[in-house]
Amino acid sequence: MVRHAPWWALMALGIACVGVGGWLLARPFRSLTILALLAALGLLLSGVAEIASAADSSRPTLSRLVGLAWIVVGVIALAWPGITLFGLAVAVGAALVVGGVVKVTTAIVGNGDERLLLGVNGSTNVIIGVLALSWPGVTVLTLAVLFGFRTVVAGLGHIVAALRSRRDPTHTGTSAPRWPGWVRLTGA
């Protein structure tokens, strides 16, 4: 039997992601130390949230691996004293690209009506990751704004999943979604 994270845990993770992403968006030109700390916190929260919601995904093992990758990159960003802006951009960019590729691959080989959403979400992560890796002139802006925006959107997704799980504790992610398709696509 697959255990699902309690709705309140997903809600807390979603709110934390929105908070950290919002802070990155509101103050994109803070010192490198604060930016590294916020980016690492965003990576760790994203990883934990991905693992917590993996049971509802069409490929739970891949979701857990993506979550683990987010956590590993977050720990590297935290543990690397004096990380350079370039090093932080490479770490975040690589995590976004790898996570995005896994989501796109899952969308291609998966089944169900969530494939398009997963593909759009994964493609967006790949694009943001490539921007972080290839746009060194505005890396602070890239990291803070793009990763902040991505973290806010991911957090909102976890909040919606928590509300959904609270309304229907038996929800396994395989039943018909409650939101219309155009709303889910817009969110992705």
> Should L78 and L44 be marked as a side chain to side chain contact (heavy atoms under 4.5 Å, CB included) after you check the CA-CA gap, both sets of side-chain angles, and the distance that decides it?
Replying inline: CA-CA 10 Å; L78 275 178; L44 291 170; 3.4 Å; yes
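- When all heavy atoms are compared, the tightest approach of A54 to R64 is CB-CG, 3.6 Å.
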>> Before you tell me yes or no, could you show the steps for W70 and L96 under side chain to side chain contact (heavy atoms under 4.5 Å, CB included), namely the whole-Å CA-CA distance, both residues' side-chain angles and the distance that decides it to 0.1 Å?
In response: CA-CA 8 Å; W70 285 110; L96 286 165; 3.3 Å; yes
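- The shortest heavy-atom contact between A95 and V73 is CB-CG2, 3.9 Å.
- Linking ILVMFWY residues whenever their side-chain heavy atoms come closer than 4.5 Å, directly or via other members, leaves L163 and L10 in distinct clusters.
- Using a 4.5 Å cut-off between side-chain heavy atoms of Ile, Leu, Val, Met, Phe, Trp and Tyr, with links allowed through other members, L156 and F149 fall into the same hydrophobic cluster.
- Pairing each heavy atom of G100 with each of N125, the nearest pair is CA-CB, 3.8 Å.
- Here the options are L38, V152, L41, T151, the test is side-chain contact (heavy atoms from CB on, under 4.5 Å), and the partner is W23; only L38 passes.
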>> Could you walk me through whether L133 and V90 satisfy the side chain to side chain contact (heavy atoms under 4.5 Å, CB included) test, starting with their C-alpha distance in whole Å, then the side-chain angles of each, then the deciding distance to 0.1 Å, before giving a yes or no?
In response: CA-CA 6 Å; L133 290 170; V90 168; 4.2 Å; yes
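- In the hydrophobic cluster analysis, where Ile, Leu, Val, Met, Phe, Trp and Tyr join through side-chain heavy atoms closer than 4.5 angstrom, V18 is grouped together with I15.
- Considering OG of S46 and CD1 of I51, their distance stands at 11.0 Å, rounded to 0.5 Å.
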> Can you list the steps and then say if V102 with L65 is a side chain to side chain contact (heavy atoms under 4.5 Å, CB included)?
Replying inline: CA-CA 9 Å; V102 169; L65 287 174; over 6 Å; no
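- Hydrophobic clustering, with ILVMFWY side chains joined whenever heavy atoms are under 4.5 angstrom apart, groups I76 together with V66.
- Closest approach of G155 to C17, counting heavy atoms only: CA-CB, 3.6 Å.
- Smallest separation of non-hydrogen atoms from L43 and G74: CB-CA, 3.7 Å.
- Using a 4.5 Å cut-off between side-chain heavy atoms of Ile, Leu, Val, Met, Phe, Trp and Tyr, with links allowed through other members, L62 and V72 fall into the same hydrophobic cluster.
- Distance check, rounded to the nearest 0.5 Å: CD1 of I128 to OG of S123 gives 11.0 Å.
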